[in-house]
Structures are given as structure tokens and as C-alpha cells.
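The structure appears below as C-alpha cells.
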Amino acid sequence: MRLELAFYPTDIAVNSDGVTLFGYTTDNKKVAVIDSTYLPYFFIPSAKLEDFLAKCKEHNLQIEHFERLGELAKLYVRPIDMAHAAAFARNLGVDSFSADLPLRAHYWNAKGIKPLCLCKATGETVTIKDFKVDIVISTERIECVDAQLQDPNIVAFDFETASARGYPDPEEDAIILAAIYSKNFRKVLTWKRFEKAPDYVEFVNSESDLIDTFIKTLRDIKPHILVGYGSDNFDFPYLLARAAKYNSPEVLNWDNSALEIGKRKNLHVVGPIYFDISRFVRNILGLDMDQYKLDAVSKRLLGKGKRAILTAKRINEMWSVGLPEELALLAEYNLVDAELACELCSKVLPVELELAKLIGLPLQNINSATYGTLVEWFIIKNSKSPIPARPTTAEMFLRRRRSYQGGLVVEPEPGLFRPILAFDFRSLYPTIIASHNISPETMNCTCCGQQRGFSVEELGLWFCTKNEGLIPQVVKDLIDRRKRINDILQQTNPTDASFSELMARQHALKYVAAALSGYFGYAGSRFYDFNCARAITALGRRYIQLVIKEAEKFGFKVLYGDTDGIFVQPLRKEADAKTFLLIINSVLPKPMELEYKSSYLAGLFFGKKSGAGGAKKRYALLTESDNLILRGLEAIRGDWSAIAKKTQREILHIILSENDVDKAATHLKTVLTDLKQRKIPLADLAIPGRLRRALSSYAIISPRVAAAKLAEEKGYGTGRRAVVNYIIKTGTGKISDRVALAEDSTPEDYDIEYYTEHQVLRAVYKIFEAFNYDLEKLKGGQTTIQGY
DNA sequence: TATCCCTACGATGTCG
DNA sequence: CGACATCGTAGG
């Protein structure tokens, strides 16, 4: 039977039959749309064609057909043979193009499909026994309409396990609770019955029942998006391990295949859009967070966290004791985790959907993408040429060894200044690319030659002034679109429904534009170009120097500058920001633009710790609304004790806002006295330590390494990036020999001298030094360390 | 297979 | 004790 289907696509799978798109019809039926005509292709140099074909024949690799297109030949293979063909070319040392693109992503990208945006397909209905969907058709043509599904059904889930040890082991420890949450559905499954259970609790007979009921429920409530927090690393692998124990018959995938864990541990659920939202939070959104625990991330993005924090030990205790009110608490705890995951997903979904549309990838890929992936596919989508292969490991190694100069940083004069004006370039590097047509194919063109092209003399490079390159074209598009959105945003009320959506769109464009410039210099890039990368930064330095020169001519004293922005102090009354912008922007080539960022009541630039002069990338500002903005200082670092951070912040506020150094000193004195009297709570003394590598690989045993060793001895998972809170104990010898885990310590243990000299005073002495304030007086001359 | 780039600071350990 | 290496974190 011939059917015309309108459906919202959610997922894509590739197998020997071709490509299958999955989705929901407008009346919410599950559909599979098979494109059996799909024949992927790749390119090799025409000169190698004969050889390649001969060798393919030898090894029984079937080339469906091929065409010669000048220098390159285009070869078509069945989807299932694509990976072989790519590996084959690589082994033969033949340069291939478009051969190593993952087919799921490439098909989606090339067809311009957008997740949850209506697609139309006409074709014959097919019966496939294994498919757990309502309708299957086979089609030759898929057409996208832009209408996006409003209010998709987002379903979040979360498991709790009970383990007597620190970390649950799927061999030993059961799943005790499973929560499923969406806007109008909530359920917690558990196999230990208790009285007066909340109405969302459903009792099952065993863990095995729990697993089956969980999967069945997920199938029945038809999620457009299925989401977990940390689910790629914990919940799903755990579920798989436990389900295997019971030979569970229930399957989540719509094509009835088993769930598979991919190369980067990411899991593909066939059918709905499934992703682990923590990946997006970590990779794209939250580059500046210490840790990405659900609680911390929720607080930051949603303004609310968990209602309670339960340790694994406590959960185990509550479960084994089994008091009804405590089991009810566990159920609630479980549900809240799923609820937060669901709300996080709702919150970031607009940005993810925008990126998906802009870049042309399934939402699953967007969610787990890094900046590199986003940019790569954005270029692929816009490129009409064959796509260069990913570099080999050897090539990446070579590329990494070559580095180039980056942005210019101007050393500040240390001290307090007021007031301060701040200017910065709007998207410096992207606008340089657009202004000067920076792209590999426009570099050192013969049509212009050095004389007529735009020249970067110091590098001996020039860029075409006649034909626009691919990268400048797409960057311009990004810049224009973002500017249009920002203009609308300016006139939109923040409470308007459209505001957050515009904001999301604007963010998506910003992310891609910002990463694009770095992508030229990225060793793993398909479009790597060393000279383009260094031309961009060289021009960046040229323009910030121009701005500095003009600012000084205009009547500003330039206090500090870093890469794309400057801080100045007006030297004469008429030297106002607006007039300066008019002058400088008339000199700058479009779309380059200097913007006035803000004015600050005061700014303190720190002196270098050793040697004279000011420290770069370390300063404090006071906004006109009396808020502190701190950059580079201990107070905003993740590896300092709370007491040092708090004290630094408080003292800066007293000095910048109240201009009262004596008051600041008095405050410092109370902190030091409290320290001496062991009145500081342990939580304020704990120093968070984290390692980026495996514990065994360290040549130097720093305090944080020592702390990680202690944590490991106690059986904690000290995986890379795990945070271990430690304190420094009283004693003699190296600091790293005096490390203790914070959780094993009491306020009696901490070393008063270390916390005084190495934490609190280290964080504040440069502030007092700027006012020639003698801290010795304050301490009663008891210091053993020089230099304060 | 690595996860975007370069610039910069400071803490601590190691070694001569 | 000073110079240098190792390491993590931050700015833009």
C-alpha cells in the first residue's frame, strides 16, 4: 500500500538495506522510513583509480559504480561496504575524500533533516517483523518542512543502587529504584514494599521485574526525547549489566536490536532521541565549572538543586534498614534526580535544537559533540567540495609540534584606578576572517598576487580580494544572523516567550563562530591550515595595537589589554566612550567593530608575585551596581580553600567599594584570629584537588596527588578529574607529606601556619601591598616566611 | 581518535 | 637557596 507520511524525525540507523529514519507521525504513531535508494560515495584521485579498482576486485570489495570528475573520481558503494572501502584506501596509501564520514551523520547532514522538524515521505508500506513501530514504509524521497514540533515529550530517568562499598559494582549490587519523569508522568519503581508510599511509587516483585517494567514503561509513554544525567557512564551500562544477568527479554530499540555502547562510551538507543545531557553541559555549555555533578549544574542552570544529598553509604543504610519513611525519602530522592535531568534538558533543548538546525546533525550527535565536531560539520554542511579525511595520528603529532603566536597581552601597571572604561571587539577572530577573506583557498592566490591581495607582511602571506572563500562566507553568515537576532533581542522584553528562544539561537551562533577560528589550528581538524591560523592571530595583534594607539591619541590612558579588549582611564573630561567608538570604528574594516562594554567604578590590577610590574590576567573590578568582577584571582579558582577565597573577596569589596584599607585590615585580623583559635569550620579549609591524568603517571607528588593517593587507599574511584578534598595537617616537612582527606579530619588537625601564610595571606597580601600597608603589624611579627 | 587555540600565573617539588 | 620542571587553572 502506498502511503504519504508526515513525521517528526528522531533517529537514524544505517544497515545493509540502506538508511532508516525513525520518528513519530503527527498523530503520535511510531514510524520507520527506509530509504533503500541510498548509495553513499567517496572520492579518490583519478590517477589512482585503475589501481584501486583492481585491488578492490582482488579483495571482493564491490564498487557499485563510479564517475571520473577531473582530478578526482567518485565511487559509490553499498552503505555496509563504506567503512571497508575507507579503510582499504587508507591501507593502500590512497588519499580519499568524504570516505571517513560516519554515514548516519552524513546522510542526515546532506538531506538537510532537522530533528523534530516535520518531514514528508511517500512510499510503499513494508512489513518488518522485528521492528517495534506502527508503520514502516520504503521511500525514494524524503522532504523536509521546517515546522518544528512544539512541546516534545521529554522523558528523564534515573536509577539508584545499593552498595555496601563506596562505589556500586554491577556484578554484586542491585538496582533498587528506577525513576521515570516527564511533564505529565512520574513513576518510581522499586522492589521493596513499604507502607504509606507516595502515589508515584509502583511496587514490583524483583529487580528483574523492575528492569522489564522500566523498559516497557519507556516504550509505552513514547518519548520524543529520552534523557539521563550521567546515564552514558552509569545508568545505562549498569542497566545493561544487570539485564544480562537476568536474560531480560525486553528491548528498548525500535528495531529490536540490543543497546550498544559506542566508541566514546556513548550509547545509541534506536528510535527515540536519547542522550546523556551531562555531555552537552560539560562539552559545550559549562567550560568554567569545577565539577559537573547534577546538583551543582542544576543550581547553576535552573537555580535549584537536589532537596537532599545522600551518599552511597547512606542510601545503602536506608535501603537495608528499610523504614517506610526512609524508603519514601529514597523514592523521592530518585524522582528528583530524574526531574532535574528533565528540567535541565528542557532548559538547554532550544540551544541544542538551534545547533542541530544550523549544523545539520541529529540531536544525539549535537548533544555529545565537542566544539571541534560542531565546527567540522558546519563546514561540511556548507561545503560543496569533497571532504578531506581526518588526519592520521602521525599527522596530528606533527601538527601539534608546530605552534603559532596567539593574542597580545599588555602588562598592566599594578594599583587601583577609578573610574575605568572597558572596550572590546565583537567577535574579533571571526570578524577578521570575514573582513580579510581568510581561508585556505584564498591564501596566496595567483589572481591577486602579493601586490593586490590583502597582505600580512610579517608572515609573507596575502589573501584574495576578489573571490570570497568558503570559511569567510559561512562566518559572515553567522555574524549577520547573530547581529539580526541581537537587534531583535534588544527590543524584546525578557519575559516574552520569544526571548529565551532568540537567546538560545544567538548562543548557538556564538559557540560555532568562536570555535571556528581556533579550528584552523586544531591538530585534529579536517580543514587544518597553519598559515590561516597564524594570519588570524597576527591580524588580531595588529588591530588591538591599533586600538591602543588610537585610544592614547584620543586621551585615554590604557591600563591593560588582553587579545581583544582594553581597559582605559579617561585623562581628560571630554574623552568619552561614544566619541572614541565613532573614531575607531570609522577606521576598522567591516564587519569588525569595537564595542563599549562597560564602565567600572574602580579596578585593581595586581602586582606580579615575583619581580616588578603588573600580573597579566589577574584583576578585580567594581561595577556601577557595586558588584565585584574578579578575573584570574584565587577567589574564582577551584583549587583554593573557601576561607582564602572568601577573605580575598571580602577584602577586595571593602577596599574597592568603601575605599577603607584599615577596615579591610581589621577584617583580615578577625579571620586570622579565628584561624589561630581553630574556629574555622573544616568545610572552609578543604582544598579541592583534582588530577587530569591517571594517578600512577605523576613524576611529582604534589599535595593534590598525595590526596588522591589517600583517596585511592580508601577505595574511592579516583578516576581522572575526580575531586578530592584535602587539608594540610600540623607537622614538619613537605606540604604533600602533611595532606589529610578533609572527611577524615577535624578542626584540631589543620596547620594554622599553613592556612595563615599559604592560603589567607597569599590571597590578600598583594592587595595590601598596593597601598603600602604593612601586614607585619597585623600579625604581631610572628611570621616565619619572608616577603609580606 | 581526540576532544579548539595560545597566553599566563602561581604553587609545589626537585635538584645542584 | 635559587633555578627550573611539573602541574593545574584561568583569560580571552
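Chain naming here is simple, since letters A, B, ... match the order of the sequence lines and numbering starts at 1 in each. Computed from heavy atoms alone, side chains included, the values below leave out hydrogens, waters and symmetry copies.
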Checking all strands, does A/Ser525 fall into the base, sugar-phosphate, or nothing category for heavy-atom contacts under 4.0 angstrom?
-> nothing
Provide, to the nearest angstrom, the distance between the CG atom belonging to A/Asp737 and the P atom belonging to B/dA11.
-> 20 Å
Would you mind classifying the nucleic acid contact of A/Lys616 as base, sugar-phosphate or nothing, using non-hydrogen atoms under 4.0 angstrom?
-> sugar-phosphate
Looking only at side-chain atoms of A/Lys617, point me to the closest of B/dA11, B/dT7, C/dT9.
-> B/dT7
Distance test, side-chain N/O of A/Arg618 to OP1/OP2 of B/dG10, below 4.0 Å = yes
Return no unless some side-chain N or O of A/His758 is found under 4.0 Å from OP1 or OP2 of B/dG10.
-> no
Looking across every strand, which nucleic acid part, if any, lies under 4.0 Å from A/Gly524 by heavy atom: base, sugar-phosphate, or nothing?
-> nothing
Think A/Tyr519 has a side-chain N or O under 4.0 angstrom from the OP1 or OP2 of B/dT3?
-> no
Please work out if A/Phe605 contacts a base, only the sugar-phosphate, or nothing of the nucleic acid, heavy-atom cut-off 4.0 Å.
-> nothing
Rounded to the nearest Å, what distance is computed from the CZ atom of residue A/Arg631 to the P atom of nucleotide B/dG10?
-> 17 Å
Among C/dA10, B/dT12, C/dG8, find the nucleotide with the atom closest to the side chain of A/Arg762.
-> B/dT12
Give one of base, sugar-phosphate or nothing for A/Tyr522, where a contact means two heavy atoms less than 4.0 Å apart.
-> sugar-phosphate
What's the closest nucleotide to the A/Ser736 side chain, out of C/dC7, B/dG13, B/dA11?
-> B/dG13
Residues which pass ring pair (Phe, Tyr, Trp, His ring centres under 6.0 Å) with A/Phe397, listed by chain and number, not counting sequence neighbours | none
Ignoring backbone atoms, test whether A/Ser517 places a side-chain nitrogen or oxygen under 4.0 Å from the OP1 or OP2 oxygen of B/dC4.
-> no
Picking from B/dA11, C/dG11, C/dG8, the nucleotide nearest the side-chain atoms of A/Leu691 would be C/dG8
Hits for side chain to side chain donor-acceptor pair (under 3.5 Å) against A/Lys617, two or more places apart or cross-chain, chain-then-number order -> A/Asp562
What is the distance from OH of A/Tyr429 to C1' of C/dG12, rounded to the nearest Å?
-> 8 Å
Which whole-number value in Å describes the distance from A/Ile629 CD1 to C/dA10 P?
-> 17 Å
Enumerate the residues from residues 392-406 of chain A whose closest heavy atom to DNA chain B is under 4.0 Å, giving them by residue number; use none for an empty result.
-> A/Thr393, A/Arg400, A/Ser403, A/Tyr404, A/Gln405, A/Gly406
Would you indicate what A/Arg390 reaches in the nucleic acid, counting non-hydrogen atoms under 4.0 angstrom: base, sugar-phosphate, or nothing?
-> base
B/dT12 phosphate, OP1 or OP2, under 4.0 Å from A/Tyr754 side-chain N/O | yes
In this structure, are over 12 heavy atoms from other groups packed under 6.0 Å from A/His653 atom NE2?
-> yes
Could you run down the sub-3.5 Å N/O contacts of the protein with nucleotides 14-16 of chain B?
from: B/dT14; atom 1: OP2; to: A/Lys734; atom 2: NZ; distance (Å): 3.1

Taking the side chain as C-beta and beyond, is there a heavy-atom pair between A/Tyr754 and A/Gln759 under 4.5 Å?
-> yes
Electrostatic pair A/Glu712-A/Lys709, nearest N-O below 4.0 angstrom | no
Would you mind reading off the distance between A/Glu376 atom CD and B/dA2 atom C1', rounded to a whole angstrom?
-> 11 Å
Can you tell me how far P of C/dC7 sits from NZ of A/Lys709, to the nearest Å?
-> 12 Å
Could you measure between the two C1' atoms, the one in B/dC4 and the one in C/dA10, and give it in whole Å?
-> 16 Å
Whole Å only: how far is the CZ atom of A/Arg637 from the P atom of B/dA8?
-> 16 Å
Side chain of A/Ala615: nearest nucleotide among B/dG10, C/dG12, C/dG8?
-> B/dG10
What residues, two or more places apart in sequence or in another chain, satisfy ring pair (Phe, Tyr, Trp, His ring centres under 6.0 Å) together with A/Tyr698?
-> none
May I ask you to say what A/Phe425 touches in the nucleic acid, namely base, sugar-phosphate or nothing, with a heavy-atom cut-off under 4.0 Å?
-> nothing
Mind checking what makes ring pair (Phe, Tyr, Trp, His ring centres under 6.0 Å) contact with A/Tyr755, not counting sequence neighbours?
-> A/Tyr750
Out of A/Arg649, A/Arg762, A/Arg618, which residue meets the salt bridge (charged side-chain N to carboxylate O under 4.0 Å, His left out) rule with A/Glu634?
-> A/Arg618
Residue set satisfying ring pair (Phe, Tyr, Trp, His ring centres under 6.0 Å) with A/Tyr429, at least two apart, ordered chain then number -> none
Could you tell me whether A/Pro703 contacts a base, only the sugar-phosphate backbone, or nothing, with contacts defined as non-hydrogen atoms closer than 4.0 Å?
-> sugar-phosphate
Figure out the CG/P separation between A/Asp529 and B/dC5, and round it to whole Å.
-> 15 Å
Using the test salt bridge (charged side-chain N to carboxylate O under 4.0 Å, His left out), find all partners of A/Arg390 that sit at least two apart in sequence or belong to another chain.
-> A/Glu376
With sequence neighbours left out, what residues match A/Asp95 under salt bridge (charged side-chain N to carboxylate O under 4.0 Å, His left out)?
-> none
